[in-house]
Asker: 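Dropping a structure here in structure tokens format, bear with me for questions.
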Amino acid sequence: MPIIPLNRTEVFIGRARELRRIREGLNNPGFVIVTGRMGSGKTAIFRKLHEENPSRTTLIDMRCTDIREAHEGIPDFRRIMVMARTVDWNILMDSMPPAVSAFREAFKMNHMYDMRCAVSMRYSRRFLQELEEEIPGVAVISIPPFTERETEDYIQRKAPTFRATAAGMKYIHGLTEGLPLFIDSFLNVLSDGIIYGPLLLEENFRAKFQQIAFPWMAELSQLSKGEKRILEDLTDAPIPQRDVEAEELEKLELRGLVELSGGEWSLTSELLRRVLTELRKQFGCI
């Protein structure tokens, strides 16, 4: 049987520094952008903040279509503020769509109603720079992956029956890159009563990589053929910025799939590279 269920959310460790910075940002300047890679734990942090003060905090998942306007998918902030119904309130908006106009509107409504607001978004260096220019004085707080020791502590607390050698623990941290969502999904395909080393973990990854990396698989399923071709090229090597059209790559960047650094486009995640490699090996394409 699986070591943990994916919906087990009561275990929360670390992140004391990030939680403190978010609380400070909510008090001054009162508008916070929380950013991080897919699976870094932005949603878990927002849930933790909400649990600390549920009577004075509204947590809103912006992926829910019933709180968006039909036109261009921009959130209906007037409706959100009505939901809050009071001043001196913390609004936590998880997974904001990547539109500058949405953040600008949230910032404007935040000041108009004198509410403290934190908004989470997937990391995109270019988009973040644009937001910092548009919204003066905003507090930007990045959620980093777990360190190797934090990964081990997280596993021991969330899945106390899991057993692995020191090299096995190191393998899990390397494969998941210390991202809690992927640690959870990997543990969920393993079983009790086995001591896992790197070789056995690698066998499990190859056999069940689509389950382990299901968030990446969901992203890939929404891509066009042209976007998939770009990712196939990037699986082999980075692409110089001058060699490609920026528009398609910027769309992939907003999805958290690629990043621009040092004049080259590359994949954001080694786990994503492994997934793309396995897809190509087993199915001939992604």
Side-chain angles (χ1 to χ4, degrees), residues 15 18 33-45 63 94-100 119-132 140-148 150-151 171-186 205 209-281 285-286:
R15 307 305 194 196
E18 289 74 26
I33 295 176
V34 178
T35 185
R37 295 171 58 188
M38 179 195 289
S40 59
K42 301 182 293 297
T43 298
I45 283 177
R63 291 166 290 197
D94 189 26
S95 301
M96 179 72 87
V100 173
V119 178
S120 80
M121 57 167 278
R122 195 175 296 173
Y123 182 73
S124 166
R125 185 179 290 109
R126 180 194 59 78
F127 186 63
L128 188 57
Q129 289 173 344
E130 191 174 351
L131 287 177
E132 288 178 310
V140 178
I141 296 163
S142 178
I143 308 302
F146 283 150
T147 64
E148 190 172 328
E150 287 171 335
T151 297
Y171 172 94
I172 291 176
H173 176 261
L175 180 72
T176 64
E177 300 172 280
L179 299 169
L181 176 62
F182 294 107
I183 296 171
D184 287 357
S185 59
F186 198 177
F205 170 74
F209 73 94
Q210 294 188 58
Q211 296 166 257
I212 295 167
F214 71 92
W216 288 130
M217 297 302 299
E219 289 291 333
L220 294 175
S221 69
Q222 300 176 49
L223 300 182
S224 67
K225 290 182 179 179
E227 290 169 330
K228 289 180 178 180
R229 278 196 297 271
I230 291 173
L231 291 184
E232 286 201 77
D233 292 340
L234 287 172
T235 302
D236 298 323
I239 299 175
Q241 184 180 6
R242 64 179 182 275
D243 292 351
V244 290
E245 292 291 333
E247 185 176 352
E248 280 190 307
L249 280 154
E250 286 173 357
K251 289 179 183 177
L252 292 172
E253 182 188 27
L254 290 174
R255 287 183 174 273
L257 296 164
V258 305
E259 62 183 353
L260 178 64
S261 180
E264 290 184 328
W265 288 100
S266 60
L267 299 174
T268 57
S269 164
E270 186 58 32
L271 176 57
L272 175 59
R273 185 187 309 280
R274 290 290 313 274
V275 168
L276 295 173
T277 300
E278 288 297 324
L279 284 171
R280 192 161 56 183
K281 185 185 302 181
C285 62
I286 67 173

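If you read the sequence from its start, that first residue is 1, and numbering goes on from there.
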Asker: Does any part of the side chain of Arg15, heavy atoms only, come nearer than 4.5 Å to the side chain of Pro180, both counted from C-beta?
Answerer: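 Yes; the side chains approach each other to less than 4.5 Å.
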Asker: Minimum heavy-atom separation for Arg126 to Glu253, with atom names?
Answerer: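 Looking at all heavy atoms of both residues, the shortest contact is NE-OE1, 3.5 Å.
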Asker: Could you walk me through whether Gln129 and Arg125 pass side-chain contact (heavy atoms from CB on, under 4.5 Å), step by step?
Answerer: CA-CA 6 Å; Gln129 289 173 344; Arg125 185 179 290 109; 3.9 Å; yes
Asker: Measure the CG-CG distance between Leu179 and Leu271 for me, rounded to the nearest 0.5 Å.
Answerer: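 If I round to the nearest 0.5 Å, the distance is 8.0 Å.
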Asker: State the CZ-CD1 distance between Arg229 and Ile286, to the nearest 0.5 angstrom.
Answerer: 10.0 Å
Asker: For Glu177 and Ser269, which heavy atoms make the closest approach, and how far apart are they?
Answerer: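 Closest pair (atom of Glu177, atom of Ser269, distance): OE1-OG, 2.6 Å.
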Asker: Quick check for you: to the nearest 0.5 Å, what is the distance between Leu252 atom CG and Leu223 atom CG?
Answerer: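 The distance works out to 6.0 Å.
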Asker: Using the test salt bridge (Lys or Arg N to Asp or Glu O under 4.0 Å), find all partners of Asp236 that sit at least two apart in sequence or belong to another chain.
Answerer: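 By the salt bridge (Lys or Arg N to Asp or Glu O under 4.0 Å) rule, Asp236 matches Arg280.
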Asker: When you look at CD of Glu247, are more than 12 heavy atoms from neighbouring residues, nucleotides or ligands closer to it than 6.0 Å?
Answerer: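 Atom CD in Glu247 is not packed in, count stays at 12 or less.
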Asker: Check for a donor-acceptor pair, side chain of Glu219 on one end and backbone N or O of Pro215 on the other, with a separation under 3.5 Å.
Answerer: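 A pair under 3.5 Å: no.
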Asker: Working to the nearest 0.5 angstrom, can you tell me the gap between Arg274 CZ and Trp216 CH2?
Answerer: 15.0 Å
Asker: Go through Ile33 and Ile141 one step at a time and tell me if the side-chain contact (heavy atoms from CB on, under 4.5 Å) criterion holds.
Answerer: CA-CA 6 Å; Ile33 295 176; Ile141 296 163; over 6 Å; no
Asker: Please report the shortest heavy-atom distance between Phe182 and Ile212, naming the atom on each side.
Answerer: CD2-O, 3.7 Å
Asker: For Ser120 and Ser95, work out which heavy atoms get closest and say how close.
Answerer: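 The answer is OG-N, 2.8 Å.
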Asker: Answer yes or no: is there a side-chain heavy-atom contact under 4.5 Å between Leu272 and Thr235?
Answerer: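 With C-beta onward as the side chain, the pair stays apart.
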Asker: Hey, are the side chains of Val140 and Glu132 touching, using non-hydrogen atoms and a 4.5 Å cut-off?
Answerer: yes
Asker: Taking NZ, NE, NH1 and NH2 as the nitrogens, is one of them in Glu270 or Arg273 under 4.0 Å from a carboxylate oxygen of the other?
Answerer: yes
Asker: Starting at OG1 of Thr268, measure out to CZ of Arg37 and round the result to the nearest 0.5 Å.
Answerer: 6.0 Å
Asker: Which atom names give the shortest non-hydrogen contact between Lys42 and Thr35, and what distance separates them?
Answerer: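 Of all heavy-atom pairs spanning Lys42 and Thr35, the closest is CD-C, 3.8 Å.
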Asker: Is there side-chain contact between Leu181 and Phe214, with heavy atoms separated by less than 4.5 Å?
Answerer: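 In contact.
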Asker: Within the 4.5 Å heavy-atom criterion, are Leu220 and Leu279 side-chain neighbours or not?
Answerer: yes
Asker: Nearest heavy-atom pair of Phe127 and Ala99: which atoms, and what distance?
Answerer: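 Smallest heavy-atom distance, with atoms named: CZ-N, 3.6 Å.
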Asker: Check Glu278 with Lys281, please: is the shortest side-chain N to carboxylate O separation under 4.0 Å?
Answerer: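 Salt bridge flag = yes for Glu278 with Lys281.
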Asker: Is the shortest heavy-atom distance from the side chain of Val119 to the side chain of Val34 under 4.5 Å?
Answerer: no
Asker: Backbone N or O of Glu150 within a donor-acceptor pair of the His173 side chain at under 3.5 Å?
Answerer: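 Side chain of His173 to backbone of Glu150, a donor-acceptor pair under 3.5 Å: no, none is there.
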Asker: Side-chain polar contacts of residues 256-267 - donor-acceptor pairs under 3.5 angstrom, sequence neighbours left out - could you list them?
Answerer:
none

Asker: CG/Leu128 to CZ/Arg122 distance, rounded to the nearest 0.5 angstrom?
Answerer: 14.5 Å
